Amino acid sequence: MGDTKHIVTEFVYCLLLRGGKMSPPVLYYLPPSPPCRSILLLAKMLDLDFELKIVNILEGEQLKPDFVAMNPQHCVPTMNDEGLVLWESRAILAYLVAAYGKSDALYPTDIRVRALVDQRLHFDLGTLYMRLTDYYFPTMFIGAPLDEGKRAKLTEAVGWLNSILEGRQYAAAEHFTIADLTLLVTVSQLEAFEFELRPYKHIRQWLDRCKDHMAPFGYEEINVTKANLLADMFKAKMNQSGGS
């Protein structure tokens, strides 16, 4: 009887720790995708295990009817946490910290600090990462010639980030947050693409600081190797087209 009581107590305790959840969230992802990499890195930080399901977007697996029924936008990453289906990586980051974080440090509840975190998240989504993809991805995926006008827009956005980081240790708070995480993945992809970062002192200092912070959480395996994989794809396309 005592053993049974102990087992039940442990079971209830585990449920409470997991908010009553019995199964891990399911993450539909593609390992080289920068937004997917940010989710995987956060999972390491939170000690959270996903049920991982690769969706090969290069082969059109995201267009299968069951996936479209779950996510009409048919993009990755997509997460299903016991019926809560989310896409857009930055929304998933915020949810995971709220649902599984041991504190609010990664996504502070202080409204003024959170406002800065949200602004940086939106800056990454709508400006920095968007301009990265606009410049590099058409060449990487379909061999289109590089557009120097798009490079100028990307350079402008990198300069804005450098100004944001002036006088700051981290992007939004006095410590590392999910704003740093998503920006780190974007900037490290720029680094892998050999975008010239030497003129941007504040970015370089911040980047080194964030790399050190993330080293214990599989940063090399999850992020760097996959960023280099995309960079190799880009270089291969450039060589095929005779670009430089």
Side-chain angles (χ1 to χ4, degrees), residues 4 6-109 114 117-118 121 124-125 176-186 188 210 213-227 229:
T4 302
H6 175 73
I7 292 170
V8 171
T9 300
E10 289 295 314
F11 175 74
V12 172
Y13 179 66
C14 289
L15 281 179
L16 290 172
L17 283 179
R18 289 185 49 79
K21 299 179 185 297
M22 288 295 296
S23 57
V26 181
L27 183 69
Y28 300 85
Y29 80 118
L30 189 64
S33 157
C36 292
R37 288 171 3 219
S38 70
I39 304 300
L40 295 174
L41 287 169
L42 179 63
K44 285 286 188 181
M45 299 181 79
L46 299 178
D47 196 23
L48 172 64
D49 291 324
F50 282 116
E51 179 183 345
L52 295 171
K53 295 189 177 183
I54 290 179
V55 179
N56 191 335
I57 61 175
L58 298 179
E59 295 183 2
E61 291 182 357
Q62 76 279 15
L63 300 176
K64 291 182 176 180
D66 57 342
F67 191 78
V68 173
M70 178 178 61
N71 174 359
Q73 198 173 337
H74 51 77
C75 57
V76 294
T78 294
M79 183 204 69
N80 186 339
D81 191 5
E82 296 195 332
L84 173 65
V85 177
L86 287 178
W87 55 96
E88 298 295 350
S89 64
R90 293 147 192 90
I92 297 172
L93 292 174
Y95 168 77
L96 290 176
V97 173
Y100 295 97
K102 295 180 176 63
S103 75
D104 72 339
L106 287 167
Y107 192 41
T109 53
R114 178 166 288 196
V117 173
D118 287 340
L121 292 172
D124 182 49
L125 171 63
F176 190 95
T177 68
I178 57 173
D180 297 285
L181 180 56
T182 187
L183 286 165
L184 170 61
V185 172
T186 298
S188 63
C210 290
H213 185 85
M214 292 303 299
F217 303 108
Y219 178 77
E220 285 290 327
E221 177 186 356
I222 294 171
N223 189 60
V224 175
T225 60
K226 305 307 184 295
L229 178 61

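Worth knowing before you read on, the calculation uses all heavy atoms, side chains too, and leaves out hydrogens, waters and symmetry mates. Computed from a predicted model, the values in this text were never measured in an experiment.
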* **Pair Leu42-Tyr107, side chain to side chain contact (heavy atoms under 4.5 Å, CB included): steps then yes or no** => CA-CA 12 Å; Leu42 179 63; Tyr107 192 41; over 6 Å; no
Nearest heavy-atom neighbours spanning [X] and [Y]:
X	Y	value
Ser38	Leu181	O-CD2, 3.6 Å
Ser188	Ala227	O-CB, 4.3 Å
Ile178	Leu121	O-CD2, 3.7 Å
Ile39	Ser89	CD1-O, 3.4 Å
Ser23	Glu82	OG-OE2, 3.4 Å
Pro25	Leu48	CD-CD1, 4.1 Å

* Could you tell me which residues satisfy ring-ring contact (aromatic ring centres under 6.0 Å, His included) with His213, sequence neighbours excluded, listed by chain and number? =>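 Listed in chain order: Phe176.
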* Considering residues at least two apart in sequence or located in another chain, which fulfil the ring-ring contact (aromatic ring centres under 6.0 Å, His included) criterion with Tyr28? -> Phe67
Holding to side chain to side chain contact (heavy atoms under 4.5 Å, CB included), I want the full list of residues that pass it with [X], two or more places apart in sequence or in another chain.
X	value
Leu86	Met79, Leu84, Ile92, Tyr95
Phe217	Lys44, Met45, Met214
Val224	Tyr219, Glu220, Asn228
Ala105	Ser103, His175

Who are the salt bridge (Lys or Arg N to Asp or Glu O under 4.0 Å) partners of [X], not counting sequence neighbours?
X	value
Arg114	none
Glu51	Lys53
Asp124	Arg90

* Any side-chain hydrogen bond (donor to acceptor under 3.5 Å, both in side chains) involving residues 64-73? Give me the pairs, sequence neighbours left out, ordered by first then second residue. =>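 Every side-chain hydrogen bond (donor to acceptor under 3.5 Å, both in side chains) pair that includes a residue of residues 64-73, provided the two are not neighbours, is Asn71-Thr78, Gln73-Trp87.
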* Under the 3.5 angstrom rule, does the side chain of Thr186 hit a backbone N or O of Thr182 as a donor-acceptor pair? ->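 Pair found, side chain donor or acceptor close to backbone of Thr182.
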* Report the C-alpha distance between Leu46 and Leu106 in whole Å, list the side-chain angles of each, state the deciding distance to 0.1 Å, and finish with yes or no for side chain to side chain contact (heavy atoms under 4.5 Å, CB included). => CA-CA 10 Å; Leu46 299 178; Leu106 287 167; 4.1 Å; yes
Residues 54-63 side chain polar contacts: donor-acceptor under 3.5 Å, at least two apart:
from  : atom 1 : to    : atom 2 : distance (Å)
Asn56 : OD1    : Leu58 : N      : 3.0
Asn56 : OD1    : Glu59 : N      : 3.4
Glu61 : OE1    : Asn56 : N      : 2.9

* Heavy-atom side-chain proximity of Leu27 to Leu40 below 4.5 angstrom ->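 Touching, per the 4.5 Å side-chain cut-off.
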* Can you sort out the partners of Asn80 under side-chain hydrogen bond (donor to acceptor under 3.5 Å, both in side chains), two or more places apart, ordered by chain and number? => none
